[in-house]
Amino acid sequence: MKHLFLFAVLAASVGWAQTMADWSAANRDTLDKLRAEVPALAQEGRSAFERLTAAVKPDYKTDRLDSIRLAEMTRYVLAHRDYQKPYADVLAAAALKSTNADVTCIFLDQLRWCGYVEQEAQLKPLLQHHDRSVQEIAAVTLAAIRGDVRKYENMVEAKPLTEKELLAVKKQLQSADLVVVKHAARDLVQTAPLWLVADMQLAFASDDGARIALFRDVGKSIQQPDVLKSACAEKFDTYTLAGKTAALELLAARRVDVGVELALPLLDTPNKGLQRAAFRMLRACGGLPEADKLLPYLADADAESAFVEIAKRHPEAEETFVRLFKEKKIKAMVAIRIGPGLLKPVSDAMRSPDSEVAADVIRAMSKINSPQMTEILLKFALTAAEDVRLQTLSVRGVVQRMREAKPEERKAMKQMWQELDKSKLTDANHQVLEDCLK
């Protein structure tokens, strides 16, 4: 998950013409600091979650850092499920309490990722909300929670408009009031999405960041790929950098593959936000030829994620990715992320004559919260006496993993530690593991 839909919603804040991707690239230290704060906030629990939701303001007036904190908390909770229920409970309460439709939608969108089944009855009343946008995102959220899109996809029925009404609605798209534009665009999405194309093209060709973001976000509800192709691809070369970024983000979100050919020439663009959108387009729709083109860019996190997702979609090409790992064209972390089929060649590389290759594998395994990785690291540490540096790296990896291990995993590792031969460990490493696994 590296960014969540919340970023797209809040990117339309007045005056926020800079995309979230651009901001993240230019403010990496600030973003890293915010992410480092999240675990402590999660441990604080309900009071911290309530502060996060209270910081979300109507009319796009939420402070940028507060919006990022909320999105980062959702991302953190997805990886640390012990916090899911209390966090989701606070989000649901905030969504039901809010009197502003846009704020309610923001909370519902977070629940789309971390809500749980028992919240269905609590959230169902939002399907009858007076604001159509809330009805729509509530249906999507409930579908995500239940894992049954069909149950809710027809809950909110479109009201047919006459041609006269359509012309009146389309005229509203030119309004300087973006709230008016948003509601008009949503009406057209449901009744006559083709009528949106020209205005989307005009927005993407402009420098109006808020209008660009609005049409991008509304466009995510368009179900017809041909409409999206027309809006995003037909005049792509005429769009501004922000417009191209939004068009690619929209095509990626709806998985419209015409975006792949638009993205490929942009892999070398100096604009980081546009480059990131190109990588994410390939992540959504790229194939094996695109994976090959991503190899020179794997130092970039979004390029790496795109490469991994493409590889996962093509299990028949597993041997190709094993070869790329053995040829040192992809790092251990990338290979592990691709899937279990690459775990054996990766773990075998821990005994590579090239100590840097072995160290890369150990460092990668140390970052993955998996009992299987912890077991591999421990067993390797006990047999790596010929290279004290690698033994020490493995020991550190075990200690790192044990800090985040669940009780049952800690119990299993303690049992294994008691049973295995420890004679090849240095005294220092033996003591570290003894203290960690006693």
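Everything quoted here is computed from the prediction, not taken from an experiment.
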_Min side-chain heavy-atom separation Met350-Met365 under 4.5 Å_ = yes

*Thr104 side chain to Asn100 backbone, donor-acceptor under 3.5 Å*: yes

*Got a donor-acceptor contact below 3.5 angstrom from the Asp257 side chain to the Cys285 backbone?*
no

*Does Arg255 reach the main-chain N or O of Ala284 with its side chain, forming a donor-acceptor pair under 3.5 Å?*
yes

*List for me each residue that meets side chain to side chain contact (heavy atoms under 4.5 Å, CB included) alongside Gln201, sequence neighbours excluded, and say none if there are none.*
Val197, Glu234, Lys235, Tyr239

_Side-chain ion pair, Asp66 and Arg69, N-O less than 4.0 Å_ = yes

_Polar side chain donor-acceptor pair, Gln110 to Thr74, under 3.5 angstrom_ = yes

*Taking only residues two or more places apart in sequence or in another chain, which ones pass ring pair (Phe, Tyr, Trp, His ring centres under 6.0 Å) with His314?*
none

*Does anything in residues 406-417 pair up under side-chain hydrogen bond (donor to acceptor under 3.5 Å, both in side chains), and if so which pairs, sequence neighbours excluded?*
Thr374-Glu409, Gln415-Glu419, Trp417-Glu434

*asked:* Within this structure, what is the NZ-CD distance for the pair Lys229 and Gln224, rounded to the nearest 0.5 Å?
replied: 12.5 Å

_Under 3.5 Å donor-acceptor, Glu72 side chain and Arg35 backbone_ = no

*Are any side-chain N or O atoms of Ser98 and backbone N or O atoms of Ala95, one a donor and one an acceptor, separated by less than 3.5 Å?*
no

*Is any side-chain heavy atom of Met373 closer than 4.5 Å to a side-chain heavy atom of Ile336?*
yes

*Below 4.0 angstrom, N of the basic side chain to O of the carboxylate: do Arg283 and Asp302 qualify?*
no

*asked:* Working to the nearest 0.5 angstrom, can you tell me the gap between Arg280 CZ and Leu251 CG?
replied: 15.0 Å

_Just checking Asp32: does its CG atom have more than 12 heavy atoms from other residues, nucleotides or ligands closer to it than 6.0 angstrom?_
yes

_Any heavy-atom pair between the side chains of Glu290 and Ile310 that's under 4.5 Å?_
yes

*Any sub-3.5 Å donor-acceptor pair from Thr383's side-chain atoms to Lys379's backbone N or O?*
yes

_Pairs where residues 267-292 contributes a residue and the test ring pair (Phe, Tyr, Trp, His ring centres under 6.0 Å) is met, not counting sequence neighbours_ = Phe279-Tyr297

*Side-chain ion pair, Lys331 and Glu304, N-O less than 4.0 Å*: no

*Are any side-chain N or O atoms of Thr141 and backbone N or O atoms of Leu108, one a donor and one an acceptor, separated by less than 3.5 Å?*
yes

*asked:* Within the structure provided, determine whether Gln122 and Leu96 are in side-chain contact (heavy-atom separation under 4.5 Å).
replied: yes

_More than 12 heavy atoms from other groups under 6.0 Å of NZ on Lys367_ = no

_Sidechain N-carboxylate O distance under 4.0 Å for Glu37, Lys33_ = no

_Validation row: Leu282, Leu264 side chains within 4.5 angstrom (heavy atoms)_ = yes

*State, with a plain yes or no, whether a side-chain heavy atom of Asp102 is found less than 4.5 Å away from one of Val134.*
no

*asked:* Main chain of Leu228, side chain of Arg254: is a donor-acceptor contact present, judged purely on distance under 3.5 Å?
replied: no

*Ion pair present between Arg313 and Glu309, side-chain N to carboxylate O less than 4.0 angstrom?*
no

*Do Gln431 side-chain atoms and Ala428 backbone N/O form a donor-acceptor pair below 3.5 Å?*
no

*Could I get the full list of side chain to side chain contact (heavy atoms under 4.5 Å, CB included) partners for Cys436, not counting sequence neighbours?*
Val399, Met402

*asked:* Would Asp421 and Leu382 count as a side chain to side chain contact (heavy atoms under 4.5 Å, CB included) here? Give the steps.
replied: CA-CA 7 Å; Asp421 177 18; Leu382 297 174; over 6 Å; no

*Keeping the roles fixed (side chain from Gln119, backbone from Ala88), state whether a donor-acceptor pair exists under 3.5 Å.*
yes

*Considering residues at least two apart in sequence or located in another chain, which fulfil the ring pair (Phe, Tyr, Trp, His ring centres under 6.0 Å) criterion with Phe325?*
none

*Does the ring center of Phe307 lie less than 6.0 Å from the ring center of Phe321?*
yes

*When you check the gap from the basic side-chain N to the acidic O, do Arg46 and Asp89 get nearer than 4.0 Å?*
no

